[in-house]
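Just so you know, ligand 1 is whichever comes first in the structure, and atom 1 is the first atom listed for that ligand.
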Amino acid sequence: MKDDYNRKFCVAPMMGYTTPYARKLYRILSKKTFLFTEMIASKSLLYSKNKDLIIENDNDNPVALQVGGSEIDDLKKCSQIAHSYNYDEINLNVGCPSKAVQKGAFGACLMKDKYLVRNCLEALSNEKIKTSMKCRIGLGKNLNYEFFEEFIDEVVKSGISIIYVHARNAILSGISPKANRSIPVLDYDFVKRIKTKYSKITFILNGGIDSMDKAKNLSKEYDGIMLGRLIQNNPFILKDVDELFFDDNKNKSIDEKIITDYFNYINNKIDIESIYRLLSPILHIFFSVPNSKLFKIKVHEKIKEGNLVSIENLFLDFIKQKRTNLN
Ligand SMILES: Cc1cc2nc3c(=O)[nH]c(=O)nc-3n(C[C@H](O)[C@H](O)[C@H](O)COP(=O)(O)O)c2cc1C
């Protein structure tokens, strides 16, 4: 198993967002960022007819496949599949609080049963691929470090060496998944404290990192950081990551090549995938660029016509006109 990757800067798994297309754009913008798929339920991974579309990895490594599930035999197979699709890591979701996920007996509710989580991680583990977990710091309204520590004490017996921690509790009833990303308070100290106990385990901090400055400062204190919504809203800031976090001084600017590389990839997909899913990552180029409304309107008109060539040309024009705003 090859794993010399640095997880100093990771993009969080986000359902509906970290699609193969978004990951392609992220990879064009940053060679070093560690990427994640969306959470994929183990049953979908095993039986979905669209499986290839969901889990495609076009050599966008380093990248982890995140699975949601708790059935041991399924998880063993999922790990094999992740390896066969050239993923570097298989990650168990122990953080999603949604009702549907609880019904399927996976996600954050698994924190109630640390022995089951250990068994799941053991099922995922094999010599071909790295295994990791993404969890919360606890359940319910009250913070309880002892609960978190005992949970980690058990799961590390599975032999995993990488843990991503969304540093807030999950509240399993009464609030939505979205509210579960803001209402439970953040407590980064849980991650700091557990690291002092398990110095050899890589703990990646996640939750509420909403600027590159904050990301840079926190990356000095933790093994690595993981960002979700900042990248969801503005993926183009990834152009600065290799320089800021990996001392790669090949400064990347937003130029025509980013557009042509991206369209070269999606051009072959238009017959098998929805044009909205293909284009949604790159539409974020308009984020906070002044006077881009007209471009947006034109792009949406062209999307209805389904003509990728004319959409690509619009993006190229946009770069020409807004280069200084973008870089
Ligand atoms: C739209 C959306 C979808 C998400 N889907 C997943 C998911 O599939 N798996 C997961 O572990 N977390 C998921 N999350 C949570 C993020 O991975 C991350 O833990 C959370 O957003 C906190 O990080 P942030 O404050 O940097 O956004 C999702 C978050 C968002 C905004």
Side-chain angles (χ1 to χ4, degrees), residues 7-23 26 33-42 44-45 54-55 63-70 78 82 87 89-102 104 106-111 117 120-121 124 131-138 162-172 175-188 190-191 203-219 222 224-235 237-238 241 277 280-281 284:
R7 290 165 179 78
K8 215 172 182 167
F9 190 99
C10 311
V11 176
M14 287 181 281
M15 280 181 78
Y17 287 89
T18 46
T19 61
Y21 320 113
R23 297 199 306 272
Y26 300 165
T33 296
F34 196 88
L35 301 178
F36 268 76
T37 64
E38 323 165 65
M39 178 184 70
I40 306 170
S42 56
S44 309
L45 209 50
I54 312 170
I55 57 174
V63 56
L65 186 152
Q66 189 189 59
V67 63
S70 60
C78 288
Y87 282 91
E89 181 177 317
I90 181 120
N91 175 271
L92 183 70
N93 182 316
V94 189
C96 178
S98 89
K99 279 272 167 292
V101 158
Q102 286 185 58
F106 54 99
C109 67
L110 290 179
M111 284 190 86
V117 175
C120 291
L121 292 167
L124 288 171
T131 306
S132 67
M133 170 184 73
K134 178 167 177 276
C135 64
R136 300 276 185 137
I137 55 174
I162 309 159
I163 301 179
Y164 303 83
V165 187
H166 183 180
R168 46 164 64 92
N169 280 5
I171 298 177
L172 296 178
I175 63 169
S176 66
K178 188 169 180 219
N180 255 298
R181 296 193 278 269
S182 58
I183 291 178
V185 289
L186 285 165
D187 195 331
Y188 294 170
F190 277 51
V191 184
F203 287 97
I204 307 293
L205 179 74
N206 169 241
I209 306 172
D210 54 9
S211 73
M212 281 307 220
D213 283 347
K214 202 165 166 183
K216 182 75 193 162
N217 288 333
L218 287 166
S219 76
Y222 294 86
I225 46 154
M226 171 183 260
L227 279 76
R229 287 163 289 182
L230 188 68
I231 307 301
Q232 176 195 11
N233 295 328
N234 185 9
I237 53 173
L238 287 172
V241 166
R277 253 171 78 83
S280 102
H284 291 277

N/O contact list for ligand 1, threshold under 3.5 Å:
{"residue": "ligand 1", "atom": "5 (N)", "partner": "Met15", "partner atom": "N", "Å": "2.8"}
{"residue": "ligand 1", "atom": "8 (O)", "partner": "Met15", "partner atom": "N", "Å": "3.4"}
{"residue": "ligand 1", "atom": "8 (O)", "partner": "Met39", "partner atom": "N", "Å": "3.1"}
{"residue": "ligand 1", "atom": "9 (N)", "partner": "Gln66", "partner atom": "OE1", "Å": "2.8"}
{"residue": "ligand 1", "atom": "9 (N)", "partner": "Asn93", "partner atom": "ND2", "Å": "3.3"}
{"residue": "ligand 1", "atom": "11 (O)", "partner": "Gln66", "partner atom": "OE1", "Å": "3.4"}
{"residue": "ligand 1", "atom": "11 (O)", "partner": "Gln66", "partner atom": "NE2", "Å": "2.9"}
{"residue": "ligand 1", "atom": "11 (O)", "partner": "Asn93", "partner atom": "ND2", "Å": "3.3"}
{"residue": "ligand 1", "atom": "11 (O)", "partner": "Lys134", "partner atom": "NZ", "Å": "2.9"}
{"residue": "ligand 1", "atom": "12 (N)", "partner": "Pro13", "partner atom": "O", "Å": "3.4"}
{"residue": "ligand 1", "atom": "12 (N)", "partner": "Lys134", "partner atom": "NZ", "Å": "3.1"}
{"residue": "ligand 1", "atom": "14 (N)", "partner": "Pro13", "partner atom": "O", "Å": "3.4"}
{"residue": "ligand 1", "atom": "17 (O)", "partner": "Pro13", "partner atom": "O", "Å": "2.8"}
{"residue": "ligand 1", "atom": "17 (O)", "partner": "Lys134", "partner atom": "NZ", "Å": "3.0"}
{"residue": "ligand 1", "atom": "19 (O)", "partner": "Lys134", "partner atom": "NZ", "Å": "2.8"}
{"residue": "ligand 1", "atom": "19 (O)", "partner": "His166", "partner atom": "ND1", "Å": "3.3"}
{"residue": "ligand 1", "atom": "19 (O)", "partner": "Asn206", "partner atom": "OD1", "Å": "2.6"}
{"residue": "ligand 1", "atom": "23 (O)", "partner": "Asn206", "partner atom": "ND2", "Å": "3.0"}
{"residue": "ligand 1", "atom": "25 (O)", "partner": "Gly208", "partner atom": "N", "Å": "2.7"}
{"residue": "ligand 1", "atom": "25 (O)", "partner": "Arg229", "partner atom": "NH2", "Å": "2.7"}
{"residue": "ligand 1", "atom": "26 (O)", "partner": "Gly228", "partner atom": "N", "Å": "2.8"}
{"residue": "ligand 1", "atom": "27 (O)", "partner": "Arg229", "partner atom": "N", "Å": "2.8"}
{"residue": "ligand 1", "atom": "27 (O)", "partner": "Arg229", "partner atom": "NE", "Å": "2.7"}

(request) State the NE2-CG distance between His284 and Asn233, to the nearest 0.5 angstrom. (result) 7.0 Å
(message) Run the side-chain hydrogen bond (donor to acceptor under 3.5 Å, both in side chains) test against Tyr17 and tell me which residues pass, sequence neighbours left out.
(response) Gln232
(request) Only counting residues at least two apart or in another chain, list the ones meeting ring pair (Phe, Tyr, Trp, His ring centres under 6.0 Å) with Tyr87. (result) none
(message) Just to verify, what does Phe9 make a ring pair (Phe, Tyr, Trp, His ring centres under 6.0 Å) with, not counting sequence neighbours?
(response) Phe245
(message) Please give me the minimum heavy-atom distance between Val94 and Met111, naming the atom from each residue.
(response) CG1-CG, 3.6 Å
(request) May I ask you to decide if Ile90's main-chain N or O and Thr131's side chain share a donor-acceptor pair within less than 3.5 Å? (result) no
